[in-house]
Amino acid sequence: MAKAPQVSLGACGLTMPVLGMGTSSWPPADPETAKLAIIEAIKAGYRHFDTAFAYGSEQPLGQAIAEALRLGLIKSRDDLFITSKLWSSYTDRDQVVPAIKMSLRNLQLDYLDMYLIHLPLKLSQEIRKTPVPKEILMPLDIKSVWEGMEECQRLGLTKAIGVSNFSPRMLEETLAIAEIPPAVNQVEMNPLWQQKKLREHCNAKGIHITAYSPLGANGTKWGDNRIVECDVLEDIAKARGKTTAQVSMRWVYEQGVSIVAKSFNKERMKQNLEIFDWSLTEEELERISQLPQRKGFLISSILGAHDFTLQLDDEI
């Protein structure tokens, strides 16, 4: 059984498997399908799982963990690294702790390993569908929400806290008021959106980057096939006897970044774990560095093309 190496998360003292299984899909997988896929992932060797209140996957993940314990696939919950995220409807200071407790109930867990702010914005009400009216979109009060996140860690509800989809400016604003700095910034990153400036900024500040959409997020509301159909990546894959997906994920890993990749396909789950015993050549890395860049994830594509969301998309 393959296992992912661990990465140390700086000041918080945690170690995290560098490859996690993502659980976001569009349209959302039915709970039983998601649960069975997560159990297969645990059998394959995955120990890091990434969920969020907004994905609707916390409950099936919790059921899968309970089943894995019952079957003896893992010895204890401590064998796993579980990340979830604070949704934008719950970013007021007094909403953050109740929100993580709601996620923990969904997961049937006593604590998370990592809790992230999902998006750098506030929604003034709960939503049932997207896009949303512009009137409910507001800037995030970083000081207020970060105090709530820090309280979650101090209460032992999560071992570490971080952010997602934050720009260098947003990170600076957070660090300026933080007593506990963010351990992680989870962002879109792959060979076609390499995030060089953001990586340099996070490295300088001791913030670890986790990459989502390492394969372009095909099968989500906003993703596409551009990674797996990229000619340069295909050429390298053929020459190396690897899949295009493996080349893309290996490139991400070689940038010192951890990865969250979603696949409910048993064979691809195994392939995703087979990226740690080989490396790309200097020539291959140079070819990848020259690829044209285009962001895939746009907040405006989910919440609507309003002035505020378009402004955020320009920044992150």
Side-chain angles (χ1 to χ4, degrees), residues 4 16-17 19-71 73-74 77 79-90 98-119 123 126-130 152 157-158 162-165 184 186-188 210-223 258-266 268-269 272 297 299 302-303:
M16 175 177 78
L19 176 62
M21 179 182 177
T23 60
S24 172
S25 56
W26 186 263
D30 72 88
E32 188 63 17
T33 299
K35 182 184 97 170
L36 293 174
I38 292 161
I39 291 169
E40 285 301 327
I42 291 172
K43 287 178 181 174
Y46 285 80
R47 293 296 180 265
H48 174 185
F49 292 89
D50 182 89
T51 184
F53 176 82
Y55 300 163
S57 60
E58 289 176 332
Q59 288 184 332
L61 175 54
Q63 291 162 3
I65 293 168
E67 181 77 353
L69 285 164
R70 192 182 65 75
L71 294 171
L73 300 176
I74 49 175
R77 180 266 177 265
D79 293 345
L80 301 177
F81 191 102
I82 307 297
T83 297
S84 193
K85 305 180 192 79
L86 175 74
W87 180 236
S88 305
S89 300
Y90 309 120
I100 193 175
K101 287 181 174 176
M102 183 163 52
S103 288
L104 290 170
R105 281 195 300 275
N106 288 340
L107 288 158
Q108 305 175 51
L109 298 178
D110 295 325
Y111 69 90
L112 296 174
D113 296 278
M114 182 68 64
Y115 197 44
L116 307 177
I117 298 173
H118 201 150
L119 291 170
L123 294 170
E126 293 187 25
I127 59 169
R128 291 280 172 263
K129 60 180 183 177
T130 57
C152 290
L157 300 172
T158 183
V163 296
S164 183
N165 302 298
V184 161
Q186 186 181 120
V187 296
E188 179 189 6
T210 296
Y212 68 75
S213 306
L215 308 177
N218 191 32
T220 67
K221 205 171 187 176
W222 51 270
S258 58
I259 305 165
V260 167
K262 179 250 154 189
S263 178
F264 285 179
N265 175 291
K266 204 191 299 192
R268 284 198 290 273
M269 282 181 202
N272 289 350
F297 175 67
I299 293 174
I302 308 290
L303 298 181

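- The side-chain contact (heavy atoms from CB on, under 4.5 Å) test with Ile82 singles out one residue from Asp113, Asp50, Thr158, and that residue is Asp113.
- Judged by distance alone, the side chain of Tyr212 and the main-chain N or O of Ser164 form no donor-acceptor pair under 3.5 Å.
- Across all their heavy atoms, Pro214 and Val260 have their closest contact at CD-O, 3.2 Å.
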For this session: Report the C-alpha distance between Leu86 and Ile100 in whole Å, list the side-chain angles of each, state the deciding distance to 0.1 Å, and finish with yes or no for side-chain contact (heavy atoms from CB on, under 4.5 Å).
Result: CA-CA 7 Å; Leu86 175 74; Ile100 193 175; over 6 Å; no
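- By the 4.5 Å heavy-atom criterion applied to side chains, Ile302 and Phe297 are counted as neighbours.
- With sequence neighbours left out, the side chain to side chain contact (heavy atoms under 4.5 Å, CB included) criterion links Lys101 to Val97, Arg105, Leu157.
- Using a 4.5 Å heavy-atom threshold, the side chains of Met114 and Thr210 count as separate.
- In Asp110, the CG atom is not crowded: 12 or fewer heavy atoms of neighbouring residues, nucleotides or ligands sit closer than 6.0 Å.
- A donor-acceptor distance shorter than 3.5 angstrom exists from the side chain of Lys85 to the backbone of Thr51, with no hydrogens or angles considered.
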For this session: Take Lys35 and Gln59, measure what side-chain contact (heavy atoms from CB on, under 4.5 Å) needs, and give me the verdict at the end.
Result: CA-CA 9 Å; Lys35 182 184 97 170; Gln59 288 184 332; over 6 Å; no
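- For the atom pair Leu107 CG and Gln63 CD, the distance stands at 10.0 Å (nearest 0.5 Å).
- Pairs of residues two or more places apart, or lying in two chains, that qualify as salt bridge (charged side-chain N to carboxylate O under 4.0 Å, His left out) and include a residue from residues 51-67 are Glu67-Arg70.
- Tested against Thr23, the residues Ser84, Pro60, Pro28, Ser57 include a single side-chain contact (heavy atoms from CB on, under 4.5 Å) partner, Ser57.
- The CE atom of Met21 lies 7.5 Å from the NZ atom of Lys262; values are rounded to the nearest 0.5 Å.
- Note that OH of Tyr46 and CE of Met269 are 7.0 Å apart. Values are rounded to the nearest 0.5 Å.
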Exercise. Should Trp87 and Ile127 be marked as a side-chain contact (heavy atoms from CB on, under 4.5 Å) after you check the CA-CA gap, both sets of side-chain angles, and the distance that decides it?
Worked result: CA-CA 10 Å; Trp87 180 236; Ile127 59 169; 3.9 Å; yes
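- Taken to the nearest 0.5 Å, the CD atom of Gln108 stands 10.0 Å off from the CG atom of Leu61.
- The aromatic ring centroids of Tyr90 and His118 lie 6.0 Å or more from each other.
- Closest of all the heavy-atom pairs between Ser103 and Phe53 is OG-CB, 4.2 Å.
- Looking only at distances, no side-chain donor or acceptor of Arg77 sits under 3.5 Å from a matching main-chain atom of Ile65.
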Problem set entry | side-chain contact (heavy atoms from CB on, under 4.5 Å) evaluation trace for Glu32 with Leu36 | CA-CA 6 Å; Glu32 188 63 17; Leu36 293 174; 3.9 Å; yes
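- With rounding to the nearest 0.5 Å, the separation of CG in Leu73 from NZ in Lys43 is 6.0 Å.
- Separating the CG atom in Leu69 from the CG atom in Leu80 is a distance of 7.0 Å, to the nearest 0.5 Å.
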